[in-house]
Amino acid sequence: MSNASVEVVEYVEALARVQSEVLRSLPELGTSLASIVRRARAGQLPKDGAIASGIEYSVHGNGCLFVSVDGQEIDVDFLVNGTPVFDAWRIERFSSSRGVTPGCTAEELIRECRLMVSSGALEEANEGWFAMKGEADTADQLIGRGQG
């Protein structure tokens, strides 16, 4: 796997884990991680907080920064329909938060994401903004594509 492929896969796996944990810990969000932004704006949740498992969150603009117990920063924005989306900057930020020196450029990350779109593992929601295709098996699709 290329450095770009590894970085994208690891970000998407971390996002899937955070999404699962947050939705399990905050059932009032229903099935949409984007509900955290709507509820914070409505004053139903604090803008900055933590869930029982220790994941911290900070709502910003159209998105939310999640910080895992071990310090991994998973930043995500949301489309109007609630789809979580990410770009190369968010992948780079995630890698840096793990103490990993980015092994590729933003352009290489975008190119890798687009390869994953071609293979059906990701969707390009807007120019340079990507989304997980299927929450349950996205990581498996990404890993399978990278090993081919």
Side-chain angles (χ1 to χ4, degrees), residues 1-41 44-117 121-143 145-146:
M1 289 175 98
S2 70
N3 287 339
S5 181
V6 169
E7 289 184 41
V8 172
V9 168
E10 289 178 351
Y11 172 87
V12 171
E13 288 176 337
L15 175 57
R17 282 190 304 273
V18 162
Q19 180 169 312
S20 175
E21 185 61 34
V22 170
L23 292 177
R24 184 172 38 253
S25 296
L26 297 174
E28 62 269 28
L29 298 181
T31 60
S32 174
L33 193 59
S35 294
I36 200 165
V37 174
R38 287 189 290 276
R39 288 186 168 263
R41 286 182 182 159
Q44 298 169 339
L45 280 175
K47 183 179 172 190
D48 301 299
I51 64 170
S53 67
I55 294 174
E56 297 176 3
Y57 69 89
S58 179
V59 172
H60 61 76
N62 291 325
C64 191
L65 169 64
F66 297 95
V67 181
S68 66
V69 176
D70 58 359
Q72 294 181 20
E73 296 181 2
I74 302 96
D75 196 353
V76 64
D77 269 9
F78 299 101
L79 299 178
V80 173
N81 67 4
T83 301
V85 293
F86 56 91
D87 60 0
W89 179 83
R90 284 163 176 73
I91 298 168
E92 290 172 329
R93 179 177 184 168
F94 169 74
S95 295
S96 294
S97 74
R98 298 173 53 233
V100 174
T101 303
C104 56
T105 65
E107 292 77 23
E108 290 170 316
L109 289 171
I110 291 169
R111 189 170 35 253
E112 184 60 34
C113 286
R114 287 188 173 137
L115 286 171
M116 292 179 183
V117 168
L122 293 178
E123 295 176 0
E124 189 164 6
N126 287 320
E127 181 74 22
W129 288 87
F130 302 92
M132 297 185 295
K133 187 137 186 180
E135 294 175 18
D137 58 355
T138 296
D140 290 339
Q141 288 177 11
L142 292 172
I143 293 168
R145 187 228 150 275

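These numbers come from a predicted model, not from an experiment. Throughout, numbering of the chain's residues begins at 1 and tracks the sequence.
A donor-acceptor pair is defined here as one N or O able to donate and one able to accept, closer than 3.5 Å; such a pair exists between the side chain of Ser35 and the backbone of Ser32. Between the Asn3 side chain and the Val6 main chain, no donor and acceptor come within less than 3.5 Å of each other.
Looking at heavy atoms from C-beta onward, Tyr57 lies in side-chain contact with Leu45 at the 4.5 angstrom threshold. When side chains are defined from C-beta on, Val8 counts as touching Ile91, because their heavy atoms get closer than 4.5 Å. Contact check for Ser95 versus Glu10: no side-chain heavy atoms found under the 4.5 Å cut-off. Side-chain atoms of Glu112 and Glu7, non-hydrogen and from C-beta on, never get closer than 4.5 Å to each other. Side chains of Glu108 and Arg111 form a contact here, defined as non-hydrogen atoms less than 4.5 Å apart. At least one side-chain heavy atom of Trp129 sits less than 4.5 Å from a side-chain heavy atom of Asp77.
Nearest heavy atoms, Cys104 versus Ala4: SG-CA, 3.6 Å. Closest non-hydrogen pair, Leu23 versus Leu33, comes out as CD2-N, 3.9 Å. Contact record, Val85 with Ala125: CG1-CB, 3.8 Å, taken as the closest heavy-atom pair.
No salt bridge links Glu73 with Arg90; every basic N to acidic carboxylate O contact stays at or beyond 4.0 Å.
Residues meeting the side chain to side chain donor-acceptor pair (under 3.5 Å) test with Ser97, sequence neighbours left out: none. Partners of Ser53 under the side-chain contact (heavy atoms from CB on, under 4.5 Å) rule, at least two apart in sequence or in another chain, are Glu21, Ile51, Ile55. Looking at residues two or more places apart in sequence or on another chain, you find a side chain to side chain donor-acceptor pair (under 3.5 Å) between Gln72 and Asp70. Applying the side-chain contact (heavy atoms from CB on, under 4.5 Å) rule to Gln44 yields the partners Arg39, Ala42; only residues at least two apart in sequence or on another chain are considered. Taking the side-chain contact (heavy atoms from CB on, under 4.5 Å) definition, one finds that Ala106 meets it with Ala88, Glu92, sequence neighbours left out. With sequence neighbours excluded, the residues forming a side-chain contact (heavy atoms from CB on, under 4.5 Å) with Asp48 are Ser58, listed by chain and number. Taking Asp75 as the reference, His60, Arg93 meet the side chain to side chain donor-acceptor pair (under 3.5 Å) condition, with sequence neighbours excluded. Every residue two or more places apart in sequence or in another chain that forms a side chain to side chain donor-acceptor pair (under 3.5 Å) with Arg114 is listed here: Glu124, Glu127.
Here ring-ring contact (aromatic ring centres under 6.0 Å, His included) pairs that include residues 68-103, with residues two or more places apart or in two chains, are Tyr11-Phe86, Tyr11-Phe94. Sorted by first and then second residue, the ring-ring contact (aromatic ring centres under 6.0 Å, His included) pairs with a member in residues 14-33 form an empty list; sequence neighbours excluded.
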*Please assess Asn126 against Leu79 for the test side-chain contact (heavy atoms from CB on, under 4.5 Å), listing each intermediate value before the final yes or no.*
CA-CA 9 Å; Asn126 287 320; Leu79 299 178; 3.5 Å; yes
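Distance check: Gln19 CD to Leu29 CG gives 10.5 Å after rounding to the nearest 0.5 Å.
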